[in-house]
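Working notes for the structure below.
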Amino acid sequence: MRFTVSSTLLSAKLTALSRVINSKNSLPILSDFVFDIDNNMLRLTASDSENVMTTELPLTESDGSTRFAIGNRDLLEAVKGFSEQPITFDINQETNIAKISYQNGMFSMPIESADEFPQAQSISDEATVISMPSNILADNLGRTLFATAQDELRPVMNGIYFDLNAECLSIVASDGHKLVRNKVFSIRNDQPAAFILPKKPAQLLRNMLQKEGGDVIIRFDERNAEITYDEGSIICRLIEGRYPNYNSVIPQGNPNVLTVDRLTLLSALRRVQPFANDSSNLIRFHVEGATLQLNAEDFDFSKTATEQMTCEYNGQPMSIGFKGSSFIEILNNFECQEVTIQLADPSRAGLVLPSEQPEGQDVLMLMMPMLIND
């Protein structure tokens, strides 16, 4: 059986799929790509047993239908460096050899039967369905991934929580010290439903969606989710368990409101942070009048740093401590020109919001304070 495909298109698809494959696998065939040729289309599949990722691409020509598995590393390295040109696969399933020819040469590789490749988990007929624009999902995944935890004792914190209700879809992540909550008001359902998406498929999705058009369809039940987008799909096992009541930790009506240029604050934090104590990474924020002052100190190594900037502030003079690296992450995940920081007192969580919310959404990030010695 023979088929021909564009080299650059095949390379791009294989590179994207390869991210789902683990370096070590319980089943040797999980190190392979599955090629499924039918009706002049090539369907590619890769899996790590918990996540199954598929994508399709058109063939230049083909003379039949077939299905086989082929090792990912050698094939990916071989096609990665090609300029745009046709690549022809000659598949001999009696000898289990694939001969791949191109403009200036050829190579051959062993193939395996794809029948041993694990099947994707099925989704219940009673699954909940969510449809949303791919750019909105990509933005929200990008904003929340950094806030997920690495907690073996509380695995529910290691994913992104999708909470669907009659008001909106909330997309939430938290590690117990910082929290991100995105509300998408165009997506709602009278029947509440929720699931926790693990970090790996969330990262794969973010990389695949980018900012491309089209809608994403999410079907999920209690154990699995199927996420379908323009160029393929991911079927993944969900994290089971009850997510904490995230709304209960978000303070209401913090009276002290600080507005500052995001990039100015981000640059200042990057300059001051190296002078903070390595173990605590504590940065002291002191705000009074129209001035925000950042202080970092590490007395063990006789290091200190101070920087001031102008701001708008409506509230009482205050000093509050935050972890510098976490605050930098929060600012990096906004795209607005200015951010608003809402504070109550040095012992209560501070809220960071964009000066202008994305259309039809509400974005909120929370930072727990650190104890400072006056």
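- Within the 4.5 Å cutoff, the side chain of Leu59 has heavy atoms near those of the Asn40 side chain.
- Distance check: Asn51 CG to Gln121 CD gives 11.0 Å after rounding to the nearest 0.5 Å.
- Residues Met109 and Leu75 are in side-chain contact: their nearest non-hydrogen atoms beyond the backbone lie under 4.5 Å apart.
- Of the inter-residue distances, the one linking Glu126 atom CD with Thr128 atom OG1 reads 9.5 Å to the nearest 0.5 angstrom.
- Salt-bridge annotation for Glu226 and Arg219: present, with a side-chain N of the basic residue lying under 4.0 Å from a carboxylate O of the acidic one.
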TODO: Take Val339 and Thr259 through the side-chain contact (heavy atoms from CB on, under 4.5 Å) test and state the conclusion after the steps.
DONE: CA-CA 6 Å; Val339 291; Thr259 301; over 6 Å; no
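- Residues satisfying the ring pair (Phe, Tyr, Trp, His ring centres under 6.0 Å) criterion with Phe195, sequence neighbours excluded, are Phe162, Phe220.
- Counting only heavy atoms from C-beta outward, the side chains of Ile227 and Leu197 approach each other to under 4.5 Å.
- Asp32 places no side-chain N or O within donor-acceptor distance of the main-chain N or O of Val34, the cut-off being under 3.5 Å.
- At a threshold of 4.5 Å between side-chain heavy atoms, the hydrophobic network of Ile, Leu, Val, Met, Phe, Trp and Tyr places Leu145 and Tyr161 in two separate groups.
- Between the side chain of Asn281 and the backbone N or O of Lys323, no donor-acceptor pair lies under 3.5 Å.
- The 12-atom threshold is not exceeded at CZ of Arg2, counting heavy atoms of other residues, nucleotides or ligands nearer than 6.0 Å.
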TODO: Go through Ile21 and Asp48 one step at a time and tell me if the side-chain contact (heavy atoms from CB on, under 4.5 Å) criterion holds.
DONE: CA-CA 5 Å; Ile21 300 175; Asp48 63 359; over 6 Å; no
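- Hydrophobic clustering keeps Ile330 apart from Leu353 (ILVMFWY residues linked when any side-chain heavy atoms are closer than 4.5 Å, directly or through intermediates).
- No hydrogens or angles considered: a donor-acceptor pair under 3.5 Å links the side chains of Thr8 and Glu84.
- Across all their heavy atoms, Ile87 and Ile100 have their closest contact at CG2-CG2, 3.2 Å.
- For the side-chain hydrogen bond (donor to acceptor under 3.5 Å, both in side chains) condition, no pair includes a residue of residues 187-197, sequence neighbours left out.
- Residues satisfying the side chain to side chain donor-acceptor pair (under 3.5 Å) criterion with Asn256, sequence neighbours excluded, are absent altogether.
- Residues Leu265 and Ile341 form a side-chain contact, since some pair of their non-hydrogen atoms from C-beta on lies under 4.5 Å apart.
- Ser170 places none of its side-chain heavy atoms less than 4.5 Å from the side chain of Asn247.
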Output side-chain donor-acceptor pairs under 3.5 Å for residues 10-19, partner residues at least two apart or in another chain, one line each.
from: Lys13; atom 1: NZ; to: Thr55; atom 2: OG1; distance (Å): 3.3
from: Lys13; atom 1: NZ; to: Glu231; atom 2: OE1; distance (Å): 3.3
from: Thr15; atom 1: OG1; to: Ser11; atom 2: O; distance (Å): 2.8
from: Ser18; atom 1: OG; to: Thr15; atom 2: O; distance (Å): 2.7

- [ ] Please test Asn22 against Lys200 for side-chain hydrogen bond (donor to acceptor under 3.5 Å, both in side chains), starting from the C-alpha separation and ending with a verdict.
- [x] CA-CA 11 Å; Asn22 291 331; Lys200 182 174 180 177; 2.9 Å; yes
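- Judged as a salt bridge (Lys or Arg N to Asp or Glu O under 4.0 Å), the pairs with a partner in residues 37-46 (not counting sequence neighbours) are, in order, Arg43-Glu56.
- Every residue two or more places apart in sequence or in another chain was checked for a ring pair (Phe, Tyr, Trp, His ring centres under 6.0 Å) with Phe107, and none qualifies.
- Under the salt bridge (Lys or Arg N to Asp or Glu O under 4.0 Å) criterion, Asp74 pairs with no residue at all, not counting sequence neighbours.
- Salt bridge annotation for Arg67-Asp36: present, with a cationic side-chain nitrogen under 4.0 angstrom from a carboxylate oxygen.
- Ring geometry for Phe327 versus Phe322: interplanar angle of 30 to 60°, hence tilted.
- With sequence neighbours excluded, no residue forms a salt bridge (Lys or Arg N to Asp or Glu O under 4.0 Å) with Glu94.
- Ring pair Phe301/Phe275: centre-to-centre distance not below 6.0 Å.
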Task: Verdict with supporting geometry, Leu266 and Leu269, side-chain contact (heavy atoms from CB on, under 4.5 Å) - done: CA-CA 5 Å; Leu266 182 59; Leu269 280 169; 5.5 Å; no
Open item on the list: I'd like to know whether Arg143 forms a side-chain contact (heavy atoms from CB on, under 4.5 Å) with Met365, so could you lay out the CA-CA distance, the side-chain angles of the two residues, the decisive distance to 0.1 Å, and finally the verdict.
Closed with: CA-CA 10 Å; Arg143 269 196 295 266; Met365 302 196 188; 4.2 Å; yes
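- Here Tyr313 pairs with nothing under the ring pair (Phe, Tyr, Trp, His ring centres under 6.0 Å) rule; sequence neighbours left out.
- Other residues, nucleotides and ligands contribute only 12 or fewer heavy atoms inside 6.0 Å of the NE2 atom of His177.
- Residues Phe146 and Ile171 are members of separate hydrophobic clusters, defined by side-chain heavy-atom contacts under 4.5 angstrom among Ile, Leu, Val, Met, Phe, Trp and Tyr.
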Open item on the list: Applying side-chain hydrogen bond (donor to acceptor under 3.5 Å, both in side chains) to Gln361 and Asn140, what does each step give before you reach the verdict?
Closed with: CA-CA 10 Å; Gln361 300 182 62; Asn140 279 278; 3.1 Å; yes
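- Not one N or O on the side chain of Ser233 forms a donor-acceptor pair closer than 3.5 Å with the backbone of Thr228.
- Within the structure, salt bridge (Lys or Arg N to Asp or Glu O under 4.0 Å) contacts touching residues 296-314 (residues at least two apart or in different chains) are Arg271-Glu307.
- Partners of Phe82 under the ring pair (Phe, Tyr, Trp, His ring centres under 6.0 Å) rule, at least two apart in sequence or in another chain, are Tyr102.
- Going from atom CG of Asn25 over to atom OG of Ser31 covers 4.0 Å, rounded to the nearest 0.5 Å.
- Of the possible donor and acceptor atoms, one in the side chain of Ser248 sits under 3.5 Å from a partner among the backbone N and O of Asn245.
- Note on Leu364 and Tyr246: same hydrophobic cluster, where clusters join Ile, Leu, Val, Met, Phe, Trp and Tyr whose side-chain heavy atoms are under 4.5 Å apart, directly or indirectly.
- Looking at Tyr229 and Met208, their side chains come closer than 4.5 Å, going by heavy atoms from C-beta outward.
- Counting heavy atoms from C-beta outward, Leu30 and Pro118 have side chains that approach closer than 4.5 Å.
- Going from atom SG of Cys236 over to atom CG of Leu238 covers 5.5 Å, rounded to the nearest 0.5 Å.
- Looking at Phe68 and Asp115, their side chains never come closer than 4.5 Å, going by heavy atoms from C-beta outward.
- For residues 152-171, the set of pairs meeting the salt bridge (Lys or Arg N to Asp or Glu O under 4.0 Å) definition, not counting sequence neighbours, comprises Asp151-Arg154, Glu167-Lys183.
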Task: Trace of the side-chain hydrogen bond (donor to acceptor under 3.5 Å, both in side chains) decision for Ser101 with Thr88 - done: CA-CA 5 Å; Ser101 54; Thr88 299; 4.5 Å; no
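- Distance CG/Leu292 to CE/Met318: 12.0 Å, rounded to 0.5 Å.
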Open item on the list: Apply side-chain hydrogen bond (donor to acceptor under 3.5 Å, both in side chains) to residues Thr66 and Gln93 and explain how you reach the verdict.
Closed with: CA-CA 9 Å; Thr66 190; Gln93 291 184 310; 3.1 Å; yes
